[in-house]
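A quick note: this is a predicted structure, and the numbers were derived from the prediction, not measured. In what follows, chains are A, B, ... by sequence order, proteins preceding strands, each numbered from 1.
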Number of protein chains: 2
Amino acid sequence: MAVNLKQLAEILGLSQTTVSRALNGYPEVNAETRQRVLQAVRETGYRPNRAAQRLATGKAYSIGLVMPIAPGIDSDIHFGEFLAGLAEESVKHDFHFVINPSAPDDEEATFRRLAASGNVDAVFLAYMRANDPRIPMLKALSIPFVVHGRSIGGPRDYPFLDIDNTQAFYDATKLLLQLGHHRIGLINGPDYLAFSMRRKKGLTRALEEWGLGLDEELVHHSVMADEYGYRSMQHFLERPDPPTAVLCSSTVLALGAVRAINRAGLVIGSDISIIAHDDVLPMLKPENFSVPLTTTRSSLRAAGARIATRLIGGILGRDTYPEQELWRAELIVRASTGPAPGR
Amino acid sequence: MAVNLKQLAEILGLSQTTVSRALNGYPEVNAETRQRVLQAVRETGYRPNRAAQRLATGKAYSIGLVMPIAPGIDSDIHFGEFLAGLAEESVKHDFHFVINPSAPDDEEATFRRLAASGNVDAVFLAYMRANDPRIPMLKALSIPFVVHGRSIGGPRDYPFLDIDNTQAFYDATKLLLQLGHHRIGLINGPDYLAFSMRRKKGLTRALEEWGLGLDEELVHHSVMADEYGYRSMQHFLERPDPPTAVLCSSTVLALGAVRAINRAGLVIGSDISIIAHDDVLPMLKPENFSVPLTTTRSSLRAAGARIATRLIGGILGRDTYPEQELWRAELIVRASTGPAPGR
DNA sequence: AATTCCTCTCAAAGCGCTTTGGATATCCAC
DNA sequence: GTGGATATCCAAAGCGCTTTGAGAGGAATT
């Protein structure tokens with residue numbers, strides 16, 4: 001059924017060496033010969049045996065994941081979406097996953113074990129915190145890694161892919177300010193996560209440039225679930241001086257926030273404006289909200305796919321990729337933002 | 001650093017064959033010799049090289065996952081929890097995952113590709129529907145599999161692990177009936193999923209035994225998210241004849257339902273009783289609800305771990321496990337259930 | 001004492017790939 | 001036309017394990 005290298009070489013009247021080299025892009029093979037080989041691969045459907053490659057090269061062709069699981073830890077919808085991106089890309093290159101569930105306080109040991117096992121060539125990291133200890137640790141273990149997000153403080157020379165959270169929420173705030181809003185709330189992710197800090201910073205910076213200060217009372221931090229969006233917004237609305245506009249760190253939070261607004265009988269886009277960050281979750285599209293949401297958009301799945309690409313590229317030795325990427329989130333204006341009331 | 005089989009054999013003054021056999025439990029090796037080998041393994045920390053084993057045995061030592069991704073598909077919190085269980089167990093046995101994201105209408109092709117790739121020894125299946133076409137398909141592909149849940153209709157001879165959903169909701173209903181409730185609502189999962197159907201059946205059966213009929217108006221189906229629990233409960237409460245008790249198919253749904261009840265100013269456990277199915281999600285404990293929830297409990301993570309064990313056991317050829325398991329969910333009475341009002 | 005039968009062990013042959021260390025042929029300049 | 005590059009290709013040696021087929025030794029049988 002499936003041919004192997006030996007048979008393929010025989011068919012071509014070449015040695016295994018040459019065929020192998022032709023396939024792996026080595027220079028010492030005639031261009032014409034290479035074409036013949038490639039053609040034969042197409043015809044026979046030859047697929048190299050991964051187990052044999054692993055053995056011969058010593059590479060694992062797989063990437064390690066440490067899945068945060070514990071009470072209160074965001075085993076959330078966002079993780080699944082990101083994983084889908086990672087998987088989508090990995091499967092193309094026939095890479096496997098080694099998934100290690102681990103409680104946060106056990107993560108260090110988990111990474112150590114993972115690195116020692118030789119089962120993975122590289123690992124992926126997320127949920128960055130300030131001075132995240134995992135970065136120096138992985139460096140010390142000298143196992144390749146890419147982080148999703150960025151730490152704040154600590155070493156700066158490590159590979160990451162992040163979106164420019166500060167910029168995103170700066171842009172969003174700027175829009176609101178231009179619309180005449182002066183009291184702007186923020187329903188943010190957990191306060192110890194780097195992206196939350198940066199989003200808050202974006203808000204602060206824009207306000208300051210406008211000569212305004214941040215009202216800490218209008219900043220809420222929580223796990224990014226619908227429920228908390230609702231509660232936070234409810235609290236905001238109960239204030240004597242509620243914000244006229246609110247930023248949400250996720251469409252999931254916005255979902256709850258919108259509910260609270262509706263319940264209060266207010267109209268989104270005129271009584272109060274909303275901008276949410278949109279991770280492009282397939283099941284929660286901002287354009288399908290009762291009032292389509294203005295968002296800062298950046299696909300989480302695309303980020304997963306990109307990180308997989310980089311991880312795999314690094315392992316295969318073709319790391320022409322930039323080590324650090326900062327994606328800019330797109331500000332998409334829809335109907336949930338309008339002029340500040342009474343202006 | 002790490003020793004290999006050859007070195008280990010040398011240390012012991014045995015042949016590789018004997019050492020290998022000792023480790024893999026073959027009978028033709030002296031008990032004493034085996035002990036010596038095991039001791040040496042402990043001392044040296046020998047771990048067989050998986051790549052070499054893969055190559056020699058032709059086994060992949062990995063299991064395939066088809067991750068359902070698409071608009072509206074439950075890339076939900078429950079999936080992550082189940083995955084954690086799978087991973088927890090797999091990592092112990094040094095098994096890898098091949099995760100294939102796939103839209104539902106593309107699943108067949110995905111499975112086919114997965115089976116043909118030789119990258120996995122077995123696959124796992126969930127989100128069962130009535131007459132689920134994937135079961136005959138996987139049988140035809142003759143790739144080992146275990147399903148989480150059970151189909152309804154279609155072939156019956158396939159390996160599964162399910163909880164007795166009918167029984168669980170039968171038990172729950174029974175309790176409510178004994179407490180004097182006659183109008184019982186159900187906030188269920190998606191109507192096309194087998195577990196939803198069975199839970200509804202459990203409710204129906206208990207009602208009928210009590211001489212009551214099911215009021216279809218009191219049954220809602222939806223994706224299992226907080227939001228929908230809220231809406232469904234709200235609808236129930238707006239009726240002229242609201243139910244005095246409601247079953248929820250998930251604590252996530254119950255979360256929303258409870259909110260709706262609180263909002264209506266009703267008291268849980270006296271004005272209205274609630275029983276939810278508890279998948280034992282670490283972030284959503286029924287005992288931590290404002291009024292601790294009565295639940296039917298069965299750990300999703302444990303199910304994941306068990307399925308991994310069976311899958312792996314099957315692959316390693318020690319399948320003394322029962323092919324079909326039906327776990328009984330535990331009915332745990334807490335404060336959210338009380339006598340029917342006015343009784 | 002010769003034969004058979006276990007029990008325990010081993011040497012060696014793969015599994016399918018990569019990679020080292022040549023070979024062979026071609027080409028150029030001198 | 002000879003020495004030395006240069007361009008192509010190959011045979012064979014691993015990678016670390018499992019497994020076949022067989023041998024050595026001792027106990028049991030005749």
Side-chain angles (χ1 to χ4, degrees), chain A residues 1-38 40-41 44-62 93-95 117-119 121 315-318, chain B residues 1-38 40-41 44-62 93-95 117-119 121 315-318:
Chain A
M1 182 85 217
V3 293
N4 60 23
L5 186 62
K6 190 172 173 184
Q7 296 164 336
L8 188 64
E10 206 153 330
I11 292 172
L12 284 161
L14 290 171
S15 74
Q16 294 189 40
T17 311
T18 304
V19 177
S20 172
R21 289 197 159 142
L23 291 177
N24 294 316
Y26 282 76
E28 57 269 85
V29 47
N30 191 306
E32 188 190 342
T33 308
R34 191 181 307 259
Q35 286 313 315
R36 274 184 58 217
V37 171
L38 260 32
V41 167
T44 59
Y46 167 76
R47 308 251 307 134
N49 177 310
R50 254 295 138 88
Q53 286 183 315
R54 276 188 243 265
L55 184 56
T57 61
K59 282 180 185 152
Y61 295 100
S62 46
H93 300 274
D94 197 359
F95 267 64
S117 76
N119 277 329
D121 302 306
I315 293 167
L316 298 182
R318 25 179 141 95
Chain B
M1 183 84 218
V3 294
N4 60 22
L5 186 62
K6 191 172 172 183
Q7 297 164 335
L8 187 64
E10 206 153 330
I11 292 172
L12 284 162
L14 290 171
S15 75
Q16 293 189 41
T17 311
T18 305
V19 177
S20 171
R21 289 197 158 142
L23 292 176
N24 294 317
Y26 282 74
E28 57 269 83
V29 47
N30 191 306
E32 189 189 341
T33 307
R34 190 184 307 260
Q35 285 314 313
R36 274 182 59 217
V37 172
L38 259 33
V41 167
T44 58
Y46 167 75
R47 308 250 308 133
N49 178 310
R50 254 295 137 89
Q53 288 184 314
R54 277 187 242 265
L55 184 56
T57 61
K59 282 179 185 153
Y61 293 101
S62 46
H93 299 275
D94 197 359
F95 268 65
S117 76
N119 278 328
D121 303 305
I315 293 168
L316 298 181
R318 27 178 140 95

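A 4.5 Å side-chain heavy-atom check between A:Y46 and A:V37 finds every atom pair outside the cut-off. With a 4.5 Å cut-off on side-chain heavy atoms, B:T17 and B:Y26 do not count as touching. Counting heavy atoms from C-beta on, the side chains of B:R47 and B:D94 come closer than 4.5 Å.
Distances from the side chain of A:T57 to the nucleotides D:dT18, D:dC17, C:dT18 place C:dT18 closest. The side chain of A:A52 lies closest to C:dG16 when the candidates are D:dC9, D:dG16, C:dG16. You'll find that the side chain of B:R21 is closest to C:dC10, out of C:dT18, C:dC10, C:dG16. Of the candidates D:dC17, D:dT8, C:dT18, the closest approach to any side-chain atom of A:L5 belongs to C:dT18. Distances were taken from every side-chain heavy atom of A:L55 (C-beta onward) to each of D:dG16, C:dT18, D:dT8; the shortest belongs to D:dG16. Checking D:dT8, C:dT19, C:dC17 against the side-chain heavy atoms of A:N4 singles out C:dC17 as nearest. Listed nucleotides C:dT9, D:dC15, D:dT18 differ in distance to B:T18; the shortest reach to its side chain belongs to C:dT9. Listed candidates were C:dT18, C:dC8, C:dA11. Nearest to the side chain of B:T33 is C:dC8. Among the nucleotides C:dG16, D:dC17, D:dC9, the one closest to the side chain of A:N30 is D:dC9. Distance from the side chain of B:L14 is smallest to C:dC10 among D:dC10, C:dG16, C:dC10.
Atom NZ of B:K6 is separated from atom P of C:dC10 by 15 Å (rounded to the nearest Å). As a whole-Å value, the separation of A:E28 CD from C:dG22 P is 16 Å. Per the geometry, CD1 belonging to B:I11 stands 15 Å off C1' belonging to D:dG16, to the nearest Å. Note: CZ (A:R50) to C1' (C:dC15) measures 17 Å, nearest angstrom. Distance A:Q35 CD to D:dT8 P: 14 Å, rounded to the nearest Å. Rounded to an integer number of Å, the gap from CD of B:E10 to P of D:dG16 is 14 Å. At whole-Å resolution of the value, CZ in B:R54 and C1' in D:dT18 are 15 Å apart. Taking atom CZ of residue A:R34 and atom P of nucleotide D:dT8, one finds them 10 Å apart after rounding to whole Å.
Contact check, B:Y26 against D:dT19: a side-chain N or O comes under 4.0 Å of OP1 or OP2. Taking 4.0 angstrom as the limit, A:S15 places none of its side-chain polar atoms (N or O) nearer than this to OP1 or OP2 of D:dA11. When the side-chain nitrogen and oxygen atoms of B:S20 are compared with OP1 and OP2 of D:dC17, none of them lie within a distance under 4.0 Å. Side-chain N/O atoms of A:Q53 include none lying less than 4.0 angstrom from OP1 or OP2 on C:dG16.
Here the options are A:V3, A:L8, A:N4, the test is side chain to side chain contact (heavy atoms under 4.5 Å, CB included), and the partner is A:K6; only A:N4 passes.
Taking CZ from B:R50 and OG1 from B:T57, the interatomic distance works out to 8.0 Å, rounded to the nearest 0.5 Å.
Both B:T17 and A:Y46 sit near DNA chain C, but only B:T17 has its closest nucleotide nearer the 5' end.
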